[in-house]
Amino acid sequence: MTSGNKEIENPRGFGNPWLQLSLSVLCVFVSELLLKRGATDVAEPDSAFSWTGINGLASPLVWLAILLIIASFVSWLYVLRYVPLTLAYPLSRVVDALVPLGCWIFLDEWISAWRWCGIVLVVVGLGVVAKPVAQMEERL
Amino acid sequence: MTVLAFFLIVVSLLSFVVAQLVLKRAMEMSRGLSLRNPRIIWLLTVGVVLMAISFFLTLGLLQRFDLSYLYPFQGLSVVIITVMAAVTLKEKATLQLTIGTILIAAGIVLVSLS
């Protein structure tokens, strides 16, 4: 894997940065759903400070989400150590397709035809970005 | 959407973008230096503070908008971060990566507009 002009050898097993990237994405996906559910449960739209989101801390789901965010953050820092940001960040955006799907499945939010088209575009874009990575891993 | 909501979304987005660049720089430096190096600790602190600002602003916005509507605005960060990483961190941006990034960003915008 290259980062800038430096050659870096990726660790194997649990330390594999691609595995860590997957775990990071999974944690973000679950945390977003928990944040939405938790923030909605304790919403006080009339409160002057509600825009800050601080009152969301009253929800246990928000705290669980925070734990998952911390876990994803640690994994993400590890990924950044080995993978260029130009590659890691676009790949991590698979969560932009997963979150609307999660909203549809778990939060009963409606997804329009245009939104489905957008999700397909994200997935195709991820395929284009990920292809050279997959070829590189096959050669190793 | 009000002007205040749009402003908060932009602040949240920019905080997130700068945080990613700062954190990447810190982790690059950690390959050659100890994590206890004051400069690395400083960069990590700045990154975490910016991420926290972005997080709480997002939490406030989530109380007013559907997650499936609000979340894709953060997706614009794909293009911004990729460009900024290539410019400021001197990372390689291949044609394939650029095309993929544009497709992802287009998809995210489509999701957010629908």
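Protein chains get the first letters and strands the later ones, always in sequence-line order, with residue 1 at the start of each.
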Chain B interface, residue from A:L35, A:V79, A:T40 that has the most non-hydrogen pairs under 4.5 Å: A:L35
query: Got B:K92 and A:P84 here, is their nearest side-chain heavy-atom distance under 4.5 Å?
result: no
- prompt: Which pair of heavy atoms, one from A:T86 and one from B:A85, lies closest together, and at what distance?
  reply: CG2-CB, 3.7 Å
query: Is there side-chain contact between A:Y89 and B:T101, with heavy atoms separated by less than 4.5 Å?
result: no
- prompt: How many angstroms lie between CG in A:L80 and OG in B:S30, if you round to the nearest 0.5 Å?
  reply: 9.5 Å
- request: Decide yes or no for B:L21 and A:L85: does some side-chain heavy atom of the first lie under 4.5 Å from some side-chain heavy atom of the second?
  value: yes
task: Using non-hydrogen atoms and a 4.5 Å limit, figure out which bit of B:L44 sits close to chain A: side chain, backbone, both or neither.
output: side chain
- request: Give the cluster check for A:L101 versus A:V28: same hydrophobic cluster or not, with ILVMFWY residues linked at side-chain heavy-atom distances below 4.5 Å.
  value: yes
query: Which pair of non-hydrogen atoms, one from B:F55 and one from A:I66, has the smallest distance, and what is that distance?
result: CZ-CG1, 3.8 Å
- prompt: Considering only heavy atoms, which portion of A:V120 lies under 4.5 Å from any heavy atom of chain B: side chain, backbone, both, or neither?
  reply: neither
- prompt: Do A:I70 and B:F56 belong together in a cluster built from hydrophobic side chains that touch within less than 4.5 Å?
  reply: yes
- request: Supply the atom-to-atom distance A:R81 CZ to B:L23 CG, rounded to the nearest 0.5 angstrom.
  value: 14.0 Å
task: Work out which heavy atom in B:I104 is nearest to a heavy atom in A:V129; give both atom names and the distance.
output: CD1-CG2, 4.1 Å
task: Considering only heavy atoms and a distance below 4.5 Å, find which of B:A86, B:G100, B:A106 pairs most often with chain A.
output: B:G100
- line: Bottom line for A:W76: the part with an atom under 4.5 Å from chain B's heavy atoms is side chain
message: Hydrophobic cluster membership, with links at side-chain heavy-atom distances under 4.5 Å among I/L/V/M/F/W/Y: are A:V74 and A:L23 in one?
response: no
field: In one Ile/Leu/Val/Met/Phe/Trp/Tyr side-chain cluster, 4.5 Å: B:V48, A:L77
entry: yes
message: Need one label for B:M84: side chain, backbone, both or neither, based on atoms under 4.5 Å from any heavy atom in chain A.
response: neither
field: Atom pair CD1/OG of B:I81 and A:S92 - distance to nearest 0.5 Å
entry: 7.5 Å
field: Residue selection (most heavy-atom pairs with chain A, distance under 4.5 Å) from B:T98, B:V83, B:L97
entry: B:L97
message: Taking A:L19 as the starting point, is it possible to reach A:V94 by hopping between hydrophobic residues whose side chains are less than 4.5 Å apart?
response: no
- line: Closest heavy-atom pair, A:G125 versus B:L103, reported as atoms and distance to 0.1 Å, is CA-CB, 3.6 Å
query: Is the shortest heavy-atom distance from the side chain of B:L110 to the side chain of A:R115 under 4.5 Å?
result: no
